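Predicted model, so just to flag it, every value in this text is computed and none were measured. All values below were derived from every heavy atom in this structure, side-chain atoms included, with hydrogens, water molecules and symmetry-related copies excluded. The chains referred to below are lettered A, B, ... by the order of the sequence lines, with proteins before strands, and numbering in each begins at 1.
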Amino acid sequence: MAEWRFLRLPGLARGEQSAPIVPERSVAGRTLVTLIAIMSFLSAMTLGGVVLVQKSALGWSADVGREVTIQLRPVDGAVMDSSLRTAVALAEATPGVASARALSLEETQDLLTPWLGAGVDLSALDVPRLVVVQLADPREADIDKLTSDLKAVEGASLDTHAAWRQQLNGMAGTIVASGLLVLMLIMVATVLAIVFATRGTMASNRSIVDVLHFIGASNSFIAGEFQGRFLTIGFRGGMLGGFAAIVFFIVVGFAVGAVMPQAAGQQLGVLFGRFALGLDGLLGLIAVVPVIAAVTAITSRITVRRFLQTTS
Amino acid sequence: MIEFLNVGLRYGQGPEILRDLDFRIEPGSFHFLTGPSGAGKTSLLKLLLLSLKPTRGKVMLFGKDTTQLDQDGLLQMRRHIGIVFQEFRLLDHLTTYENVALPLRVLGEQESSYRANVIELLEWVGLGERLNALPALLSGGEKQRAAIARAVIGRPDILLADEPTGNVDPDLSLRLIRLFAELNRMGTTIILATHELPLLDNFPFPRMVLNDGQVHIHG
Ligand SMILES: Nc1ncnc2c1ncn2[C@@H]1O[C@H](COP(=O)(O)OP(=O)(O)O)[C@@H](O)[C@H]1O
Ligand SMILES: [Mg+2]
């Protein structure tokens, strides 16, 4: 018996040799650790999702913003090839433009294949043609000048993808806001669960509380003993859940990389290259652990104090 | 030291189970508190332990009106009072040593400062060999001696005992009360509640008899 006691590791809350006053097993420990682990996992998932969406949206938006497209509709009496050359020249003359290139007929055909099917000979058809304009710096490019210059080319119009970007940003904003709302709800649910668990623990440890009272323990001492337990539980649950979430994101990242067919090619590679949490996202996930532990400790402390005030 | 002034007590809207209690208890005295089961012995001890407030009248302790004390005042005063229960109320997951040391531990004292005292006291009550035993392994008499040690480790001025011999055989009961008498000889004021009258004949101490909500002191 004696040897066993000395082998025991000191509690997290206090580095004493003596056994904790509130026995570890009496605090519906495992259930609560599981519950908190699940809540942390959900919080971390939500947070990670929010970070992913935010980052990807920003990335895509920036990518798309670095490119504008000039579309040339076929016009009677105009020669498409010369219109294309003019448009390229006008674009290249615009400040802030890095390069401009007309898509060849084959490239245009490739673009249209999904809609028209393969093997359609476009040379027999009049199809709109595109000039892809890469901007050196989207903020300094003089899009207005290019727009007005292009009025000289019949059938030309400029697409800055502004509407699409706005839609993307709006969608991302909605997802982020919903994610934060979900995060808040998870926190509220966690707090409520801890309140119930704490009350249950206090009720089932009523005899210990009574003994502590009549041997002269103050309410803050008693609260501290219980809070120590709950801090440990919150920390364990938070670690489990946070760790699981990180593993989840890593595994999903690899799985997505492995499952994507090679043929889907570079575009998706670029896409999922960005579809990663990044260091700051990872730190955010790790921050869930102390936050959950603190929420657990504070909630249980308040609950314990209320309980003690109404019973002593 | 203890003075009851016209004290009455009722639980909720129920009848007054203690009424017109008017008595004094001098420091260093030893009183038995007797009366049939349900007479109100435990309730009277709870008034003294400050875990109940009288519904009327005043309970004076150490010259202070306890009804006027705030929570901290009650706590400070409670630390001068030790209590022993019939059902021992040791914490099952702590050893004898840890149980007895608990009142000092909750005061925030360092173990190194009290370890020797606790062991000495446990030896004095005859538990020197049982320091590391959990309560489940102790006999009834051993548990009650541990509970008594826990009640006196903080050197209380008043020691209350509620049917401390209720769960041990007569022979052990006698020895337990001798232990209380010994503590009283060393200066502790003692009130020991029991309904086992034959036991008391072995001791010369006065008896407070509760009957019909009122108390009379004999001897
Ligand atoms: N918490 C309580 N609520 C209501 N009535 C109580 C409570 N505790 C004791 N009583 C009543 O008060 C009376 C005295 O009880 P108690 O002080 O325990 O007597 P004793 O210790 O002498 O047996 C009994 O009638 C009992 O039913
Ligand atoms: Mg009783």
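- In terms of heavy-atom pairs under 4.5 angstrom with chain A, the leader among B:M77, B:R89, B:H80 is B:R89.
- Open room surrounds NZ on B:K58; 12 or fewer heavy atoms of other groups in view lie less than 6.0 Å from it.
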Discussion item. Applying side-chain contact (heavy atoms from CB on, under 4.5 Å) to A:V22 and B:H93, what does each step give before you reach the verdict?
Written reply: CA-CA 9 Å; A:V22 179; B:H93 63 292; over 6 Å; no
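- No more than 12 heavy-atom neighbours from other residues, nucleotides or ligands sit within 6.0 angstrom of CZ on B:R175.
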Worksheet entry | CA sep, side-chain torsions, deciding dist, call: A:S218, B:R79, side-chain contact (heavy atoms from CB on, under 4.5 Å) | CA-CA 10 Å; A:S218 63; B:R79 288 176 177 169; 4.2 Å; yes
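- How far CG of B:L75 is from CG of A:N219: 8.0 Å, rounded to the nearest 0.5 Å.
- Of the possible polar contacts, none joining the A:H213 side chain to the B:S51 backbone as a donor-acceptor pair under 3.5 Å is found.
- Checked against side chain to side chain contact (heavy atoms under 4.5 Å, CB included), B:L48 has the following partners two or more places apart in sequence or in another chain: B:I2, B:F4, B:L44, B:L45, B:L61, B:L160, B:I191.
- The local environment of CE in A:M239 is sparse, with at most 12 non-hydrogen atoms from other residues, nucleotides or ligands closer than 6.0 Å.
- Around CZ of B:R130, the count of heavy atoms belonging to other residues, nucleotides or ligands within 6.0 Å exceeds 12.
- Counting non-hydrogen atoms of other residues, nucleotides and ligands closer than 6.0 Å to CD of B:E129 gives a total of 12 or fewer.
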Discussion item. Under the criterion side-chain contact (heavy atoms from CB on, under 4.5 Å), I'd like the reasoning laid out for B:R105 against A:I21: C-alpha separation, chi angles, the key distance, then a yes or no.
Written reply: CA-CA 10 Å; B:R105 189 168 160 191; A:I21 291 176; 3.7 Å; yes
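- The choice from B:L131, B:D92, B:L102, B:I153 that makes the most heavy-atom pairs within less than 4.5 Å of chain A is B:L102.
- With rounding to the nearest 0.5 angstrom, the CZ atom of A:F221 is 8.5 Å from the CG atom of B:L107.
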In a table with atom names and distances, give each donor-acceptor pair under 3.5 Å that connects a side chain of residues 38-54 of chain A to protein atoms at least two apart or in another chain.
from	atom 1	to	atom 2	distance (Å)
A:S40	OG	A:I36	O	2.6
A:S43	OG	A:M39	O	2.7
A:T46	OG1	A:L42	O	2.6

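- Taken to the nearest 0.5 Å, the CG atom of B:L91 stands 5.5 Å off from the CD1 atom of A:I208.
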